[in-house]
Every structure is written in C-alpha cells, then in structure tokens.
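Quick caveat, the model's predicted, so the values are computed rather than measured. What's counted below: heavy atoms across the whole structure, side chains too, no hydrogens, waters or symmetry copies.
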Amino acid sequence: MSSHSDDNRHDNRQESFRELLRSLRVWDTELPRFDPGSAPADPLPLFQQWLRAAAEAGASEPHTMSLATADTDGRPSVRTLMLHDADERGWHFATHRTSHKGQDLAVRPQAALGFYWAAVGRQVRVRGTVTAASAAESRADLAKRSTGALAAALVGHQSEALASLSDLARASDAAWERARREPDAPADSWTLYVLEAEEVEFFQGDEQRRHVRLAYRRTEDGSWARELLWP
C-alpha cells in the first residue's frame, strides 16, 4: 500500500513539473529585428554590438557565458563563467589551470562558448581553439579584477573535493585578508585563456518562430564566410 502511494505521489510531482514547464512563456515581449544583410564581414563587431544592446535592454549579467570542454575520453562538461574580453585575438576567459576545465583544455585545446540574452531573444555560439596566455598577462588579468575575485583565486583548490564548508570559510577568510593587504598578490595557477574562433553563430529569436540564424566560418585564408541557417 505504501509503495503504491509513493508511486502516486511521484507521478503527481512529475506531472506538476511538466505542467510548470508547459506554462512558462518564451519571449512574451517585443523582440528586436536583425537584418543579416547589414552584418559586418567580421563577427567581432557584431558580437560586441549585441552584448552592448543586451546590457542596455536590461539583460542580467550579459557578460556571463557557458563554456563547454571535453576530457581525454571525450566526455563533455559545461559551466558558466565570465567573459573577460573579446578582441582581434579572440574571446578571453580565465580560470585555474588545475581546475577541471583547465585540465580539459590542457589535453583538448578546443572549446565552445554560448551566450544567451533572454531580454532580446538573442544567443551567440562560438567554437574554436584555445590557447593559454603568458604568466605575465594572466597576472595582469587578475590584477584588473575585484578584491573578491582575487580572494577567490587565492583560495585555489578549484574542483578539488571539499571536506566541509567550515574548511572553505577558513580558507576564504584568509584569502580575503590577504587580498585586501596585497592587492597585487599572485595566484600562480590563475591562467588567462583566449579562444580563437573558427565558427560564430548569431541567433535572433522571433515571436512567430521565424528565427534568424547567421553563421560565420573561418576560411583557409583567414577571412570569414557567412551563410544563413534554417531555424
């Protein structure tokens, strides 16, 4: 009897969850239009323009992105982190080279980035080869960030097993104290990475589901080819 009741409660919870998913609305506001014919020859200016537009439209933390990597066995991982820059070299982000993503990039230096800005119904996907910047550039990147970011970097041990939250609290308190005392303190494993794009895709959502997708692909001579994709 108890098992039957448990099954019913599970089914009810599952159906309630499905109803929640079906009730959620997507793009219930007017979305901007995107004319791919006016897009620049290089994807970088368009990306910068779209991120700025997302920020101006009130998108929360528009500089956050998903980073996808794969380990030696090809098993993928994805996580959210911040974009540090996007320039002629590529898309910049940073992490500890000893972290899971740092270890993935050491053995498979290819990655993909995903940006999504619900406020404007836009997303950008970037894929390419990742290289580690020099130690000096990595230190300079960390020096530009907030005291909290430096404290987090000084804690280290990213992705390692944690015995207890009290251990984290003690390490964090010590790191914050040092970050305030030494604003230029080095975190030796902190590494700036640059993804040199081989593909960049821009997606503009449409209320009638006539989404506009424009893909840039790097050619052998280093220029960019563009094509529209079916949504």
At their closest point, which heavy atom of Arg226 faces which heavy atom of Pro40, and how far apart are they? NH1-O, 3.3 Å
Under the side-chain contact (heavy atoms from CB on, under 4.5 Å) criterion, do Thr69 and His100 qualify, and how do the steps go? CA-CA 9 Å; Thr69 60; His100 284 169; over 6 Å; no
Quick check for you: to the nearest 0.5 Å, what is the distance between Arg213 atom CZ and Glu227 atom CD? 10.0 Å
Kindly write out the residues that satisfy side-chain contact (heavy atoms from CB on, under 4.5 Å) with Ser189, not counting sequence neighbours, or none if the list is empty. His96, Arg97, Thr98
Leu162 CG: over 12 foreign heavy atoms closer than 6.0 Å: yes
Looking only at non-hydrogen atoms, find the nearest pair between Ala94 and Trp190 and report the distance. CB-CZ2, 3.4 Å
Tell me whether the count of non-hydrogen atoms from other residues, nucleotides or ligands lying under 6.0 Å of CZ in Arg22 goes above 12. yes
If Ile, Leu, Val, Met, Phe, Trp and Tyr residues are connected whenever their side-chain heavy atoms lie under 4.5 Å apart, and connections chain through other members, are Leu195 and Leu44 in the same group? no
If the test is ring pair (Phe, Tyr, Trp, His ring centres under 6.0 Å), which one of Trp117, Phe115, Trp50 qualifies with Phe202? Trp50
Could you check whether the rings of Tyr216 and Trp224 sit parallel, tilted or perpendicular, using 30° and 60° as the cut-offs? perpendicular
Considering only heavy atoms from C-beta outward, does the side chain of Pro36 approach that of Gln204 to under 4.5 Å? no
Is a salt bridge present between Asp141 and Lys144, judged by a nitrogen-to-oxygen distance below 4.0 Å? no
What distance separates Arg108 CZ from Arg75 CZ, expressed to the nearest 0.5 Å? 10.5 Å
Report, as yes or no, whether the 6.0 Å neighbourhood of atom CD on Glu30 holds more than 12 heavy atoms from other residues, nucleotides or ligands. no
Straight-line distance of Arg145 CZ to His84 NE2, nearest 0.5 Å: 4.0 Å
More than 12 heavy atoms of other residues, nucleotides or ligands under 6.0 Å from CZ of Arg127: is that the case? no
Can you tell me if CZ on Arg52 sees more than 12 non-hydrogen neighbours from other groups inside 6.0 Å? no
Close side-chain approach of Ser77 and Asp71, heavy atoms under 4.5 Å: no
So which heavy atom on Ser138 is nearest to which on Leu192, and how close? OG-N, 2.9 Å
Taking all non-hydrogen atoms of both residues into account, name the closest pair between Val155 and Ser172 and its distance. CG2-CA, 3.8 Å
Please say yes or no: joined through hydrophobic side-chain contacts below 4.5 Å, possibly via intermediate residues, are Phe93 and Val200 part of one cluster? yes
Hey, could you give me the CD/CD distance between Glu201 and Gln123, rounded to the nearest 0.5 Å? 7.0 Å
Linked, directly or transitively: Val194 and Val124 (ILVMFWY side chains, under 4.5 Å): no
With sequence neighbours excluded, what pairs up with Glu196 under the side-chain contact (heavy atoms from CB on, under 4.5 Å) test? Arg218
Cluster link Phe34 to Val126, ILVMFWY, side chain under 4.5 Å: yes
N/O donor-acceptor pair under 3.5 Å between Asp104 side chain and Val107 backbone: no
Minimum heavy-atom distance Leu142-Ala153, with the two atoms named: CD1-CB, 3.9 Å
Do Thr64 and Leu81 have side-chain heavy atoms sitting under 4.5 Å apart? no
Once rounded to the nearest 0.5 Å, what's the spacing between atom CG of Leu105 and atom CG of Leu67? 6.5 Å
I need the minimum non-hydrogen distance between Trp91 and Ala197, along with the two atoms involved. CZ3-CB, 3.7 Å
Hey, what do you get for CD (Glu19) to CG (Leu24), rounding to the nearest 0.5 Å? 12.0 Å
Is there a path from Tyr193 to Leu83 through hydrophobic residues (I, L, V, M, F, W, Y) whose side chains come within less than 4.5 Å of each other? yes
So, His211 side chain and Asp206 main chain: donor-acceptor pair closer than 3.5 Å or not? yes
Pair Arg33, Glu207 - check salt bridge (Lys or Arg N to Asp or Glu O under 4.0 Å), show working. CA-CA 11 Å; Arg33 298 299 175 217; Glu207 300 94 323; 3.4 Å; yes
